[in-house]
Each structure stands twice: as structure tokens, then as C-alpha cells.
Amino acid sequence: MAAPTVSRRARAAAPAAAVHYRIECADLHAHLFAVTLTIEAPAAQQRVALPVWIPGSYLVREFAKNLQGLRATQGRRKPALTQLDKCSWQVDCVPGQPLVLHYQVCAYDNSVRTAWLDAGRGFFNGTSLCLRVEGQTDAPHALDISAPALPPGDDARWSCATALVPSKVDKHGFGRYLAAGYDELADSPVEMGPFWSAEFEACGVPHRFVIAGAAASFDGERLIADTQAICEAEIRFWHGDKAGKRGGPKLPIDRYVFMLNAVDDGYGGLEHRHSTALICNRRDLPQRGAKKQPEGYTTLMGLISHEYFHTWNVKRMRPAEFAHYDYSRENYTQMLWFFEGFTSYYDDLLLRRAGRIDDAGYLRLLNKTVNQVLQTPGRLVQSVAEASFDAWVKYYRQDEQTPNGTVSYYTKGALVALCFDLSLRREGKGTLDDVMRHLWTQGGGGPISEADVAAALQAVGGRSYAAEIAQWIHSTDELPLADLLRAHGVAALEDPSQQAQALGLRVAEANGSVQVKVVLRGGAAEKAGFSANDEWIGIELPAVGRKGQQRPAQAWRIAKLDDLALYLGDATRCTALVARDRKLLRLPLVLPEGATTWRLFSHDAAKIAAWLAPGARR
């Protein structure tokens, strides 16, 4: 399957492109793409601009910083080209006569957000390579992708994968693709290289999975079987058991492409309407013949589930503020708690319903999410709605103070979804599943607002949830997690915290050194005077021990926090020896008592099954 399956009638009906891009690999070793943009009928003062951000990743990334050598031609003329600001230009040209722009883009970001090119792989998003033609963004666009000239002796044939509609492509996927407008072009990443590829169907919809960088031990059959189960569970979640069957509901997708870049160290994903770009640690891929798969494989399945769920929840049913993207600036919304947080709730839950994990496995994942939120002091400072709005300046620009002043709209948003789901189930009127499908049906799979969510909750639950919305979403009050979980067969024990969390620290331990990364607000380490970027070298103990017991004064070097239990014994006070900016400091540290962390466990299997069981729906 070199390209998405599209009917001949659909191809024939496609209008001629008014805007045409040709993408070439200009220099693999210099990481340079060459772009030729042809505008068939430009305006007299034609403006073009490169986006400053990519939808789904809420940070101004200044993609224009990688653009170079922009020049314009119109027949034999070289019209004047004026830069207007950091990312837009104006061309003084003859209107109605084809205008050609030539430029290069340096592609050296090996992430899902930008572009990458070297001798082994190429990848790009349209927001990184394709200038927007102002006034013609809704006109048909065409994209020609050329195969690279590979270095001598390199016999690894490259292929090309994208979810764009093919017009005229070769068996390897290179050639011309079509988009209805700039939004579709920008929302369709392209993967190139000697990648692994496989196809499958989910509820009758053709899917393709391509992977760059997989090791020889990779088990492709296992990955495809698991991904197919996840996709089918999610399609049926939204559209019912008749999805894909004769007489069943019309699905919003007719094709889908997963693009996974397997690297030594990396993790993340970015959703698109007909595809997703993923990155993972190659050690987390399933292994052939392994009795037990890597622990990270469950995390990878959760990522696949999360990005695929976005096909409905954010790419189609999206914030009202995102009805039309403004690529030149930040686009604000207070609803990422719903679009990212609720998706984060369902990604693991649907793994359970797809039979990829069991009840115990699901509770372990939920336990991790609960503790991540409870161990973040910023949850008492910032509401999850505020976190959504501040994503542009806080979530994507994290530093050593981030946990103290912010909360994640992913993790707390997932717990808000959990609270709504369990509240609805306890009251017996419906479930959050019903709310999500109500929103999809009533909104026509388009933009929605917080008022729409509130109305859907009331329609399903039979009462107003305004109080819960105010408390759980717009305040910093704690969520009623323990009570709601207990009502559904899950109890929470409080176990002693690990050393770092008990002290209020986040550290990196490597090469016999303890490096302080974060000092959490209100913790013992902050009270002692620790600071981010300190190196914790050792501890000193006084001659008098606990309860007045005599012992020699001691001083110990520590290589990891677990050393504290060995050297402190029953002591509750010590002097911490730290290095800060090469200066040695002695900090009086009082060890906390009674610091705990949650441990979830099942106490009523029947109640849990009613909530988690595969296919559970009203």
C-alpha cells in the first residue's frame, strides 16, 4: 500500500491545484529540503507566510528560523520580495501570472513537530516546509514529493508515506498528492526512508503502519494485532458495534496512517485528521519470541490509543476557538483539560476494553496518574482550566519551578474525566461514554464549547453538573477520588513515600552523583534550603543520636538517595552537604515523618468489571 486507497471517481473529481509545492531533498548531509512553490494566479501584492506553530502542540516554535534563500521569479522577471515580519513576505508581482518561489529549509529536529532529513530518513510537517499563500488557503493544493538521490553504495530504497490523497505516485509512494486546502496540507505529515510497513483494516477502514529505526528483533505481527484491536475498540466506542458493517453508521475516516520513529531515547506523538506521527524508544517495541514484552510497550500502546482517540476528540470535535486556526500567533482555549485530559482518561481505559491489559494492569496505570497529580504542588495553585490557557507559556516551557506553579491538563484532566464517569455511574443515569457520544452527535463532530459539555452532562445525568465543573475544573480544590473509586470497587491505601518524594525532591542519579532537578514547594528539602541544580554530595550526623544515645560523629558521601536509609539509621536530622555554583554548603535537614503515596487495589471485582470490562456500555 504505497498510498491511501482513494476511488477513481474521487481522483477524477479533484479540481486543478491553484497552489503547487515541489519538495526535493537538496542535500541529505546538510539536512536541506528544497521547496518550489508555484502560485498559478497570484495577487498584485501577494503575501506568503510560514506558520509559527503546529496545531496540537501549543508553543510558538518559529518555524521560519529554518527557512533560507527565498527568491521569486515570474516568467523572466524577478519581482521585488519584501520581508514584513518574522515569518511573512510580500511579492510585488503581476497579478494573474504564475509566480514561483524557491527556498530551502534546514530540517534538523528529530521530533514529531517539525522536520528532519539525513541520509537515513526524511520527515516533515507542512507547517515547517510549506509557505501559506494568503487569500488562497481554501483553494486546492498539490504536493509533489521527489525521491532523494542516495549516496553511492546505498542500496536501501526509500519509500514515501502520507495520508494525503494521491494523484499520481509511483509504487514507492513518491509523486503528486492533493489537498483540499492549506489546512489539510498542514495536517498531513510525510515520512520518507527505507521504513518497515504493514497494512490492516479496522472496521472496514484501511490503515497503514510505517516504522523507521526498528531493530531486527521487532515483532511487527504483534504490533499490528494490538493496534488493530485498539483501533476497532475506539471506532466502536464512537459509532457502535455496527461500525464498518453494511447499513452501519458513516465513519469520519476512510484511511489512516501511523508513522512511528523508533529512536534510542524519545517519546511523544502528534495527532492529525487521517494520521499520527509518533516517536518512541526502540527498546519499547514488541520483541519476537519474548516471554514478557518490555514494560514500555504498554506505554507505547497507550500512546497509540491516545493519538487515535484524537481522530474524534480534537481533530473533529474540537474547541470552538479552534474552528479556524490562526497560524501566525497563539490560539487560546481553556478546554485542553477536555480534549487532552479526557483523551488521556480513555487511552488506557480503551486498552483495557480492547483486551490489551487486564484490570490489574489498568489500576497500575491509573495509580501512576493519581500519584503524579497528588505529588504536584502546582495543583493547589493553578486550576486545570487555567493550565489549558497557559499551555503556550507554561506547559511547553517547563523548568525547575514548573511543578510548583502548574498542573498538567493531561493528568488532572484525566482524573476530572474519571470523576465525572464514576459520578454518572454511581447515580445510575448513564456514563461518560454516553456524554462523549452525545457531544459527537449533537455537535455534528465539529467545534464545541464548555457550555456544550455541561449540557451533555445534564442530558445524560439528568441534573446540572455546574457545581462539579466549578469545583473540579475552575478551582484548585482536591478531587473526590477516594470516595468515587471506593464506590466502584477500588480502595486506596497510603504507603510510605519513596525517599525523593518524601523529601520533596526530583533528582537525577548518575555516575555516583545526585543532581537536584526540582525542589517541591513546602517539602523538607525546600525548608532546608536546597535549590535546583545543587549537587548533593553527602551528609553529616552529630555525635548524639536519637533519644540521646551516644555515637561518634559521622560524615558520609552519597551516590544515590537510597544511601540515606543506610547511613541515617533512625536519625531524623542531619546536615546535608551540597555544592552550588562550586561553593560548598551545609544545610540543616529535618527528615519528614508520615509522608505517603497512594496504592490502589481491588476490593470488589464485580464493581470494577462493570466499569472496566471489555465492551462495557449502556
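Fair warning: this is a prediction, and the values are worked out from it, not measured in the lab.
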Practice problem: Kindly determine whether Asp109 and Phe124 satisfy side-chain contact (heavy atoms from CB on, under 4.5 Å), including the steps that lead there. | Solution: CA-CA 10 Å; Asp109 178 13; Phe124 66 87; over 6 Å; no

Exercise. Take Val190 and Cys160 through the test side-chain contact (heavy atoms from CB on, under 4.5 Å) and record every step on the way to the result.
Key: CA-CA 7 Å; Val190 175; Cys160 177; 3.7 Å; yes

Self-check item: Test log, rule side-chain contact (heavy atoms from CB on, under 4.5 Å), inputs Ser57 and Leu270
Solution: CA-CA 7 Å; Ser57 184; Leu270 189 59; 4.2 Å; yes

Exercise. Give the C-alpha distance, both sets of side-chain angles, the deciding distance and a yes or no for side chain to side chain donor-acceptor pair (under 3.5 Å) between Asp347 and Ser305.
Key: CA-CA 5 Å; Asp347 56 21; Ser305 177; 5.7 Å; no

Quiz prompt | side chain to side chain donor-acceptor pair (under 3.5 Å) between Gln442 and Asp452, intermediate numbers included | solution = CA-CA 9 Å; Gln442 294 299 309; Asp452 295 318; over 6 Å; no

Exercise. List the steps, then state whether ring-ring contact (aromatic ring centres under 6.0 Å, His included) holds for Tyr409 with Phe338.
Key: CA-CA 8 Å; Tyr409 50 79; Phe338 178 84; over 10 Å; no

Self-check item: salt bridge (charged side-chain N to carboxylate O under 4.0 Å, His left out) evaluation trace for Arg273 with Asp183
Solution: CA-CA 10 Å; Arg273 284 179 67 88; Asp183 282 350; over 6 Å; no

Practice problem: Please report the C-alpha distance between Val60 and Lys86 in whole Å, then the side-chain angles of each, then the deciding distance to 0.1 Å, and finally whether the side-chain contact (heavy atoms from CB on, under 4.5 Å) criterion is met. | Solution: CA-CA 12 Å; Val60 171; Lys86 63 182 180 181; 4.2 Å; yes

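Of the possible donor and acceptor atoms, one in the side chain of Arg282 sits under 3.5 Å from a partner among the backbone N and O of Ala262. Between the side chain of Ser88 and the backbone N or O of Leu84 there is no donor-acceptor pair closer than 3.5 Å. No donor-acceptor pair closer than 3.5 Å links the side chain of Arg113 to the backbone N or O of Ser111. Remark: the backbone N or O of Lys394 is not paired with any side-chain donor or acceptor of Asp390 at under 3.5 angstrom. One N or O on the side chain of Thr441 and one on the backbone of Arg437 form a donor-acceptor pair closer than 3.5 Å. Side-chain N or O atoms of Arg316 include one that pairs as donor or acceptor with a backbone N or O of Thr311 at under 3.5 Å. Remark: the backbone N or O of Phe342 is not paired with any side-chain donor or acceptor of Tyr410 at under 3.5 angstrom. Looking at Asn125, its side chain never comes within 3.5 Å of a backbone N or O of Thr127 through a donor-acceptor pair. Panel note: side chain His29, backbone Asp27; no donor-acceptor pair is recorded below 3.5 Å. In this structure, Gln68 contributes its side chain and Val105 its backbone to no donor-acceptor pair below 3.5 Å.
Nearest approach of Gly268 to Leu303, heavy atoms of both residues: O-CD2, 3.3 Å. Nearest heavy atom pair, residue His102 against residue Thr73, reads NE2-OG1, 3.9 Å. When all heavy atoms of Arg77 and Cys93 are compared, the closest pair comes out as NH1-CA, 4.2 Å. Ser128 and Leu50 get closest at one heavy-atom pair: O-CD2, 3.7 Å.
Among residue pairs with one or both ends in residues 122-143, none qualify as salt bridge (charged side-chain N to carboxylate O under 4.0 Å, His left out); sequence neighbours excluded. Sorted pairs that involve residues 320-338 and meet salt bridge (charged side-chain N to carboxylate O under 4.0 Å, His left out), not counting sequence neighbours, are lacking altogether. Sorted by first and then second residue, the pairs that involve residues 257-277 and meet ring-ring contact (aromatic ring centres under 6.0 Å, His included), not counting sequence neighbours, are Phe209-Phe258, Tyr256-Phe258, Phe258-Tyr308. Among residue pairs with one or both ends in residues 40-71, those qualifying as ring-ring contact (aromatic ring centres under 6.0 Å, His included) are Trp53-Tyr325, Trp53-Trp392, Tyr58-Phe322, Tyr58-Trp392; sequence neighbours excluded.
Here Arg222 pairs with Asp226 in a salt bridge; the nearest charged N to carboxylate O distance falls below 4.0 Å. The pair Arg236-Asp241 does not meet the salt-bridge criterion, since no charged nitrogen lies less than 4.0 angstrom from a carboxylate oxygen. A salt bridge links Asp187 to Lys315: at least one charged side-chain nitrogen sits closer than 4.0 Å to a carboxylate oxygen.
Summarising the geometry, atom CD belonging to Glu62 is positioned 11.5 Å from atom OG1 belonging to Thr114; distances are rounded to the nearest 0.5 Å. Rounding to the nearest 0.5 Å gives a distance of 8.5 Å between CG of Leu285 and OH of Tyr297. Annotation: the span from Ile469 atom CD1 to Leu457 atom CG amounts to 5.5 Å, rounded to 0.5 Å. Note that CG of Leu59 is 12.0 Å distant from OH of Tyr395, once rounded to the nearest 0.5 Å. Interatomic distance, OG of Ser146 versus CZ of Arg176, reported as 10.5 Å (0.5 Å rounding). Leu131 CG to Leu70 CG: the interatomic distance, rounded to the nearest 0.5 Å, is 6.5 Å.
Taking the six-membered ring for Trp and thresholds of 30 and 60 degrees, Trp440 and His239 have ring planes more than 60 degrees apart, a perpendicular arrangement. Between His31 and Tyr108, the ring-plane angle classifies as tilted under the 30° and 60° cut-offs.
Contact check for Met436 versus Trp238: side-chain heavy atoms found under the 4.5 Å cut-off. Between Leu99 and Pro79, some side-chain heavy-atom pair lies under the 4.5 Å cut-off. Residues Leu164 and Leu185 form a side-chain contact, since some pair of their non-hydrogen atoms from C-beta on lies under 4.5 Å apart. Residues Thr343 and Val314 have side chains not in contact (no heavy-atom distance under 4.5 Å, counting atoms from C-beta outward). With contacts defined as side-chain heavy-atom distances shorter than 4.5 Å, the pair Val91/Leu101 qualifies. At a threshold of 4.5 Å between non-hydrogen side-chain atoms, the residues Gln74 and Pro98 do not count as touching. With contacts defined as side-chain heavy-atom distances shorter than 4.5 Å, the pair His141/His20 does not qualify. The shortest side-chain heavy-atom distance between Leu350 and Arg352 does not fall under the 4.5 Å cut-off.
Other residues, nucleotides and ligands place no more than 12 heavy atoms under 6.0 Å from the CG atom of Asp265.
For Cys25, the side-chain contact (heavy atoms from CB on, under 4.5 Å) partners are Leu28, Phe33, Leu117, Pro148, Met192, not counting sequence neighbours. Remark: Arg397 pairs with no residue by the salt bridge (charged side-chain N to carboxylate O under 4.0 Å, His left out) rule, at least two apart or across chains.
Proximity of the aromatic rings of Tyr182 and Tyr327 is defined here by a centroid distance below 6.0 angstrom, and this criterion is met. Separation of the Trp196 and Phe218 ring centroids falls under the 6.0 Å cut-off.
Relative to the ring axis of Tyr346, Arg353 does not place its NZ or CZ within 45° and under 6.0 Å from the centre.
Residues Asn261 and Asn110 bring a donor and an acceptor atom of their side chains to less than 3.5 Å of each other.
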